[in-house]
Amino acid sequence: MEDEARPAIEHVTMPDDPLLVEAGSDFDWLTGSGGRLSWLEQRPSTGRSVVVSLERGQLVGYGVRGGSIGSSLHSYGGRPFVFLGSEGLVAVDASTGCVVGTGETADSFTYGDLEYDNGEVLAVRERESGDQLVALDRVRGEHGTLHTTDGFLASPRALGTRIAWSQWAGDVMPWDSSEVWIGHRPNRGRIQQAQRVAGSPEESALQPTWGPDGTLYFISDGSGWWNLYRWRDGHVDAVAPVAAECATAPWESTYSNYVLLPRDRIALTVQSGPEQRLVLVESDLTSRVVDLPYTTIKPYLAPLGDRVGLIGASPTREPEIALVATDGSNTLDVIRRSSARPEPARVSVPEVLRVAAGDATATVLFYPPLEDSKQPPLIVRPHAGPTYNSELRLNPEVQFFTSRGFAVAEVDYRGSTGYGRSFRKALDGGWGHVDVEDCCNVALHLIEAGRVHTSAVFISGSSAGGYTALKAVCDDGPFALAVARSAIIDPQRWRTTAPRFQRPHATILASATSPVRADEVRRGVLLIHGVADDVAPVSDVRRLAAAVQDHGLLVDLLEFDGVGHYLSAAARRSAVEAELAAYQAVLSRMRSATPAPGVA
């Protein structure tokens with residue numbers, strides 16, 4: 001009999017309209033196997049994350065009894081569920097970390113990257129001392145350790161007695177240096193005859209996948225761009241090389257930027273700057289772009305027969321799950337979308353701008369205010385990461401401000417992804433300087449072009465973007481106020497306080513002058529932070545707030561109890577309202593200080 005005290009998989013109620021989800025829902029970890037399309041769905045009204053599966057044309061929901069499904073592998077997550085053929089679902093309980101459906105308890109471990117292989121559940125198990133590849137027993141919950149490292153592991157993929165995986169050392173980030181390995185598992189035991197297929201200290205190799213004929217596919221940036229390759233008979237060949245990125249920076253494990261389709265075809269995402277598209281590679285390696293209404297595609301492509309499942313969005317469409325035909329018809333079947341699709345006339349659509357950035361070019365998504373304004377106030381938004389990019393998709397926060405008379409400029413500064421390895425590495429040793437310079441140049445460019453108000457210019461960011469915002473007001477730049485949400489304060493100290501996965505990030509990026517120092521802050525700052533943030537400690541923010549307040553420049557420190565690095569929906573609403581109030585206060589002071597016409 002099942003132990004009622006232990007978490008179990010249960011069915012969850014689906015909405016009356018299977019197409020629509022409540023506003024604010026999000027989708028992740030789309031997968032396709034056994035004729036089933038499934039994904040993780042976050043539901044704001046309940047605070048739960050559940051698995052939804054398209055089975056025989058019907059949507060079926062699964063959850064962890066009394067909890068939520070999710071993985072904190074490497075702090076940011078790895079695939080937290082897998083279907084075992086007809087035997088049901090195995091999933092990670094987000095609160096306990098145990099793998100529900102195998103009987104495995106988490107203890108002090110973290111699980112993710114779940115993969116089903118002929119009766120076993122393969123997974124990555126993280127410990128403070130390093131990672132393990134493990135095989136979990138479906139019934140007894142016992143595990144066998146297949147491979148151990150003091151660094152990091154990801155993406156176990158098995159084919160018969162062979163297994164592939166990716167790994168990287170503990171002192172690097174996977175987008176800087178990572179490797180793809182293969183080995184053998186005779187009698188389903190430990191991995192033997194391990195062999196590195198790709199990757200080096202100057203190469204990032206990711207996402208191994210076995211083809212049915214034993215060819216191993218993977219992505220590498222050895223050419224300067226993340227492109228698709230295949231390994232067979234000891235030889236590596238490029239598959240449809242392109243001067244664009246075919247992978248997303250691996251903040252989470254088990255990304256799938258490409259999928260193998262019947263008849264030796266491949267579908268993959270291709271990113272050029274902020275825009276992504278779906279490309280189909282035929283068996284003769286010719287390729288074509290699939291015409292879709294999406295400009296952003298999450299890194300979770302999923303095969304379903306001849307069709308490709310994806311999570312797509314655009315500047316006028318919130319993320320939705322769709323099945324795309326690959327037969328040339330461009331048939332698109334939307335499976336799941338938000339119930340809050342906006343009216344196109346009430347959406348600010350961005351203009352893509354290019355602005356000089358050192359010896360390179362920064363890309364900007366410039367959103368004008370909805371109502372015509374000759375010189376509106378401007379909010380510059382550096383993206384989080386910083387190894388990431390601005391997304392060319394509908395962003396409710398951006399629309400919140402453009403609907404209230406603000407222009408918004410989202411900046412892909414040097415160090416962003418989507419522009420090749422050299423551009424991505426341009427921030428190394430210059431964090432807090434190079435990114436700030438690019439954001440300042442964007443603001444000055446828009447001012448000089450007469451597109452925004454000369455003085456009403458603000459900067460706002462989250463996490464690494466919050467750090468950039470704070471550093472931007474530590475000099476006499478164009479910004480009148482900075483808003484920093486979940487901000488990193490001291491990259492030097494962050495090397496010890498950051499999660500294990502991210503500790504090398506600060507070492508690679510930071511310089512001796514990187515910390516935000518209160519005595520250098522020259523403009524007002526609004527600080528917003530979750531008390532339970534385990535990525536950027538709230539203690540750092542509190543110390544900065546107290547010191548900035550002594551200098552009379554603290555607008556406010558807004559804290560949220562029980563909230564982590566990513567703000568909840570309720571916290572986000574409060575945060576943007578506080579941000580708006582801070583901007584309006586500055587604008588009010590500017591108006592009151594402006595002499596009336598005819599007054600000397």
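Numbering of residues begins at 1 and proceeds along the displayed sequence. All figures in this text were calculated on a predicted structure; none of them were measured in a lab.
- Counted within 6.0 Å of CZ on Arg346, heavy atoms from surrounding residues, nucleotides or ligands total 12 or fewer; the atom is thus considered open.
- Annotation: the span from Ile528 atom CD1 to Leu557 atom CG amounts to 9.5 Å, rounded to 0.5 Å.
- Arg393 contributes no side-chain N or O that, together with a main-chain N or O of Ala313, makes up a donor-acceptor pair within less than 3.5 Å.
- Centroid-to-centroid, the aromatic rings of Trp251 and Trp175 come within less than 6.0 Å.
- A 4.5 Å side-chain heavy-atom check between Phe423 and Ser416 finds at least one atom pair inside the cut-off.
- When the ring pair (Phe, Tyr, Trp, His ring centres under 6.0 Å) test is applied to Trp29, the partners found at least two apart in sequence or on another chain are Tyr300.
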Using the side chain to side chain contact (heavy atoms under 4.5 Å, CB included) rule, take Phe458 and Leu587 through it: C-alpha gap first, then chi angles, then the decisive distance, then the call. CA-CA 11 Å; Phe458 311 105; Leu587 295 174; 4.1 Å; yes
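- Counting only N and O atoms by type, the side chains of His445 and Asn441 include no donor and acceptor under 3.5 Å apart.
- Rounded to the nearest 0.5 Å, atoms CG (Leu310) and CD (Glu320) are 9.0 Å apart.
- Counting only heavy atoms from C-beta outward, the side chains of Val380 and Phe479 approach each other to under 4.5 Å.
- Inter-residue side-chain proximity for Leu37 and Leu323 is flagged as met; some heavy-atom pair is nearer than 4.5 Å.
- Arg43 pairs by the salt bridge (Lys or Arg N to Asp or Glu O under 4.0 Å) definition with Glu41, not counting sequence neighbours.
- Screening Asp556, Leu470, Val555, Val538 for a side chain to side chain contact (heavy atoms under 4.5 Å, CB included) involving Leu527 leaves a single residue, Leu470.
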Decide side-chain hydrogen bond (donor to acceptor under 3.5 Å, both in side chains) for Arg277 and Ser272; before the verdict, give the C-alpha distance in whole Å, the side-chain angles of both, and the deciding distance to 0.1 Å. CA-CA 9 Å; Arg277 56 195 184 275; Ser272 299; 3.2 Å; yes
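- In terms of the side-chain contact (heavy atoms from CB on, under 4.5 Å) criterion, residue partners of Val172 (sequence neighbours excluded) are, by chain and number, Trp168, Ala169, Ser177.
- Residues Arg336 and Leu19 have side chains not in contact (no heavy-atom distance under 4.5 Å, counting atoms from C-beta outward).
- The pair Arg79-Glu252 does not count as a salt bridge, with every side-chain nitrogen at least 4.0 angstrom from each carboxylate oxygen.
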Stepwise side chain to side chain contact (heavy atoms under 4.5 Å, CB included) test for Trp39 and Thr31: CA-CA 6 Å; Trp39 59 89; Thr31 63; over 6 Å; no
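- Centroid-to-centroid, the aromatic rings of Tyr583 and Phe406 come within less than 6.0 Å.
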Which is it for Thr295 and Glu275 under the side-chain hydrogen bond (donor to acceptor under 3.5 Å, both in side chains) test, yes or no, and what are the steps along the way? CA-CA 5 Å; Thr295 51; Glu275 185 172 4; over 6 Å; no
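- When side chains are defined from C-beta on, Val334 does not count as touching Ile321, because their heavy atoms never get closer than 4.5 Å.
- Counting heavy atoms from C-beta outward, Thr296 and Ser314 have side chains that stay 4.5 Å or more apart.
- Every residue meeting the side-chain hydrogen bond (donor to acceptor under 3.5 Å, both in side chains) condition with Lys298, not counting sequence neighbours, appears here in chain and number order: Asp26, Asp28.
- Pro299 meets the side-chain contact (heavy atoms from CB on, under 4.5 Å) test with Thr248, Tyr255, Asn257; sequence neighbours excluded.
- Here SG of Cys474 is found 11.0 Å from CZ of Arg523. Values are rounded to the nearest 0.5 Å.
- Trp494 and Ala506 make their closest contact through CE3-CB, 3.5 Å (heavy atoms, listed as atom of the first residue, atom of the second, distance).
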Go through the steps for His505 and Thr387 under the test side-chain hydrogen bond (donor to acceptor under 3.5 Å, both in side chains), then give the verdict. CA-CA 9 Å; His505 207 195; Thr387 309; 3.1 Å; yes
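- For the pair Leu580 and Gln584, the minimum side-chain heavy-atom distance is below 4.5 Å.
- Under the 4.0 Å criterion applied to side-chain N and carboxylate O atoms, Lys471 and Asp435 are not assigned as salt-bridge partners.
- Summarising the geometry of Ser460 relative to Pro382, their closest heavy-atom pair is O-CD, 3.2 Å, with the distance given to 0.1 Å.
- Every residue two or more places apart in sequence or in another chain was checked for a salt bridge (Lys or Arg N to Asp or Glu O under 4.0 Å) with Arg573, and none qualifies.
- Taking OG of Ser455 as the reference point, atom CG of Leu378 lies at 12.0 Å (rounded to 0.5 Å).
- Residues meeting the side-chain contact (heavy atoms from CB on, under 4.5 Å) test with Ala578, sequence neighbours left out: Leu526, Leu558.
- For Ser514 against Ser511, the heavy-atom pair with the smallest separation is OG-N, 2.7 Å.
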Test side chain to side chain contact (heavy atoms under 4.5 Å, CB included) on Ser463 and Ile488 and set out the steps. CA-CA 6 Å; Ser463 191; Ile488 296 150; 4.2 Å; yes
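- For the atom pair Glu397 CD and Ile379 CD1, the distance stands at 10.0 Å (nearest 0.5 Å).
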Report the C-alpha separation of Thr513 and His433 in whole Å, then their side-chain angles, then the decisive distance to 0.1 Å, and conclude whether the side-chain hydrogen bond (donor to acceptor under 3.5 Å, both in side chains) test is met. CA-CA 9 Å; Thr513 58; His433 300 281; 2.7 Å; yes
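- In this structure, the side-chain contact (heavy atoms from CB on, under 4.5 Å) partners of Ala482, at least two apart in sequence or on a different chain, are Ile459, Ala469, Val473, Val525.
- Annotation: the span from Leu20 atom CG to Ser25 atom OG amounts to 10.5 Å, rounded to 0.5 Å.
- Scanning for side-chain hydrogen bond (donor to acceptor under 3.5 Å, both in side chains) contacts around Asp372 gives an empty result, with sequence neighbours left out.
- The two residues Ala536 and Asp533 come nearest to each other via the heavy atoms N-OD1, 2.9 Å.
- Scanning for ring pair (Phe, Tyr, Trp, His ring centres under 6.0 Å) contacts around His383 gives Tyr413, with sequence neighbours left out.
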Sequence neighbours excluded and cut-off under 3.5 Å, please list the side-chain donor-acceptor pairs for residues 350-370, or say none.
from: Glu351; atom 1: OE1; to: Arg451; atom 2: NH1; distance (Å): 3.1
from: Glu351; atom 1: OE1; to: Arg451; atom 2: NH2; distance (Å): 2.9
from: Thr363; atom 1: OG1; to: Tyr419; atom 2: OH; distance (Å): 3.4

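- Closest heavy-atom contact between Gln502 and Gly385: NE2-O, 4.0 Å.
- Nearest heavy atom pair, residue Cys246 against residue Ile219, reads O-CD1, 3.2 Å.
- The closest side-chain heavy-atom distance from Gln399 to Ser348 is below 4.5 Å.
- For residues 403-425, every residue pair satisfying the salt bridge (Lys or Arg N to Asp or Glu O under 4.0 Å) rule, not counting sequence neighbours, is listed here: Asp176-Lys425, Glu202-Arg421, Asp221-Arg421, Asp221-Arg424, Glu245-Arg424, Arg381-Glu410, Arg414-Glu437, Arg414-Asp438, Lys425-Asp428.
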